[in-house]
Chemist: 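Mind looking over this structure? Questions follow.
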Amino acid sequence: MGPKLRRKGNLYVTISAAFAFLLIAGSAAAAMAEPATVNAETVTGGIPLHMWTTAAESGASGFTPFVATAQDATVTVHDYAQYVFDHWEDGSTDRTRSVAQGASSSTTTAATIMTAYYRVEPPSIRELLPKTGMYVALYSYPGGDSWAQWQRVIDAKNAHPSVPFVVAINPSSGPGSHNPDGNYEAGIKAMRQAGVIVLGYTYDGYGARPAQDIRADAEKYARWYGLDGLFIDEFTNRPGFEGRYRDITAYAKSIGMKMTMGNPGTDVPASYVGTVDVLNITEGRGYMPVSWLNGWHQDYDKRNFSYIRYDVGWLDTSFVNESSRWVGLMYIHTGNDSNGRWFSLPPYLESAVAALDRQQ
């Protein structure tokens, strides 16, 4: 039942107008009180990001997706690591933006959605590998009894924080076709919190696999797990594929990855240097001659190269010391192809890391 009016005429009109004004004002206030949500994505690939966002008026802050309060008139998005603010969805380039600019109408009751787009400026390989580090192929599942393998890597990194660690994971000869796995999410998070660089396994079929399939693997790894890069197995060393790998590396970094590592498992022409960040130039049984590492390679930064050796029954720390002069990453393992060297760790992992820690 509406308000009772004792008089007609001018008073009725005045009360009616006032009442109408209150209704309109109330509706407008309700509309403006709708929350504004700030999202963040990479410019390339639209990979969702969690970027720190602040609101000056309320003092609220948090990671995207960030919901501003009703009193917030502006929001500011911030950079982190290799992610640098580029523009908003409306094309504006000031990182501080009026919340009202995101609304399609001043009277709409729909929540305001604003998206900040970030370009990626990845760190250099010199920053990622300030000294020779340890590469680990960790294809075991991060759950049950296998979690102990992951924990050993985390413990070794924590014990020797100055030694770079690069770990390749392999859920299903790539990221798999299903939704992200919660155990992988937790394991990767624990690795990265310890300072481990985590790469996702993919393969190239020695140049025969469609490049778009490798880019699709990179995008899944980025979307699902926020991985740091790609480990490209079955990497060809035939001349003529250099541009292919440069393009894959450029795409991986454009969606937020930091690093690519190619594994031809043998030496490559010098024209391949720079197509990926690290080239694994030898993979085989036993210790190889150090001279395999210091031929034409001496003309380039050692961080461009790595080696993997398996079926090595004992750790020769003098070999570790000498070979560290010529490579940015190494991996030495007791296992072989028949006993699953990809699903276990060498018993002397910690000793090898300690030897690298003693290097400058």
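Note: hydrogens, waters and symmetry copies are ignored here, and every other heavy atom, side chains too, is used.
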Chemist: What residues join Phe63 in its hydrophobic cluster, counting side-chain heavy atom gaps under 4.5 Å, either direct or through other members?
Modeler: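 Reading the cluster by chain and number, Phe63 sits alongside Trp52.
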
Chemist: Any ring-ring contact (aromatic ring centres under 6.0 Å, His included) involving residues 227-249? Give me the pairs, sequence neighbours left out, ordered by first then second residue.
Modeler: Tyr135-Phe231, Phe235-Tyr245, Phe235-Tyr272

Chemist: Side-chain polar contacts of residues 260-269 - donor-acceptor pairs under 3.5 angstrom, sequence neighbours left out - could you list them?
Modeler:
unit_1 : atom_1 : unit_2 : atom_2 : d
Thr260 : OG1    : Thr249 : OG1    : 2.9
Thr260 : OG1    : Asp277 : N      : 3.4
Asn263 : OD1    : Gly265 : N      : 3.2
Asn263 : OD1    : Asn280 : ND2    : 2.8
Asn263 : ND2    : Asp233 : OD1    : 3.0
Asn263 : ND2    : Glu283 : OE1    : 3.0
Asp267 : OD1    : His297 : NE2    : 3.0
Asp267 : OD2    : Trp296 : NE1    : 3.3
Asp267 : OD2    : His297 : NE2    : 3.4

Chemist: Could you name each residue pair satisfying salt bridge (Lys or Arg N to Asp or Glu O under 4.0 Å) that touches residues 316-330, not counting sequence neighbours?
Modeler: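 Counting only pairs at least two positions apart or across chains, the salt bridge (Lys or Arg N to Asp or Glu O under 4.0 Å) contacts touching residues 316-330 are Glu322-Arg325.
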
Chemist: Which pairs would a plain distance check flag for residues 163-176, meaning a side-chain donor or acceptor within less than 3.5 Å of a matching protein atom at least two apart in sequence or in another chain?
Modeler:
unit_1 : atom_1 : unit_2 : atom_2 : d
Asn170 : OD1    : Ser173 : N      : 2.8
Asn170 : OD1    : Gly174 : N      : 3.0

Chemist: Please check if any side-chain donor atom of Thr202 sits under 3.5 Å from a side-chain acceptor atom of Arg209, or the reverse.
Modeler: yes

Chemist: Which residues end up grouped with Ile255 if you chain together Ile, Leu, Val, Met, Phe, Trp and Tyr wherever their side-chain heavy atoms are less than 4.5 Å apart?
Modeler: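 For the cluster that includes Ile255, the remaining residues are Ile47, Tyr251.
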
Chemist: For the residue pair Ser271 and Glu242, confirm or rule out a side-chain donor-acceptor distance under 3.5 Å.
Modeler: yes

Chemist: Considering residues at least two apart in sequence or located in another chain, which fulfil the side-chain hydrogen bond (donor to acceptor under 3.5 Å, both in side chains) criterion with Asp72?
Modeler: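 Ser58, Thr69.
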
Chemist: Tell me, which pairs form a salt bridge (Lys or Arg N to Asp or Glu O under 4.0 Å) where one or both residues lie in residues 220-229, sequence neighbours left out?
Modeler: Arg192-Asp228, Glu219-Arg223, Asp228-Lys258

Chemist: Following the transitive rule for hydrophobic clusters with a side-chain heavy-atom cut-off under 4.5 Å over Ile, Leu, Val, Met, Phe, Trp and Tyr, establish whether Val320 and Tyr310 coincide in one cluster.
Modeler: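 No: no chain of side-chain contacts under 4.5 Å links Val320 to Tyr310.
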
Chemist: The criterion is side-chain hydrogen bond (donor to acceptor under 3.5 Å, both in side chains); which residues satisfy it with Tyr307, sequence neighbours excluded?
Modeler: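 side-chain hydrogen bond (donor to acceptor under 3.5 Å, both in side chains) check on Tyr307 returns Ser323.
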
Chemist: Quick one: which residue pairs count as a salt bridge (Lys or Arg N to Asp or Glu O under 4.0 Å) with a foot in residues 150-164, not counting sequence neighbours?
Modeler: Arg152-Glu350

Chemist: Should the ring pair Tyr139 and Trp342 be called parallel, tilted or perpendicular, given that the plane angle runs from 0 to 90° and is split at 30 and 60?
Modeler: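 Correct class here is parallel.
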
Chemist: Among pairs that include at least one residue of residues 285-297, which meet salt bridge (Lys or Arg N to Asp or Glu O under 4.0 Å), considering only residues two or more places apart or in two chains?
Modeler: Arg285-Asp311

Chemist: Once side-chain contact (heavy atoms from CB on, under 4.5 Å) is applied, do any residues pair with Tyr80, and if so which ones, sequence neighbours excluded?
Modeler: Met51

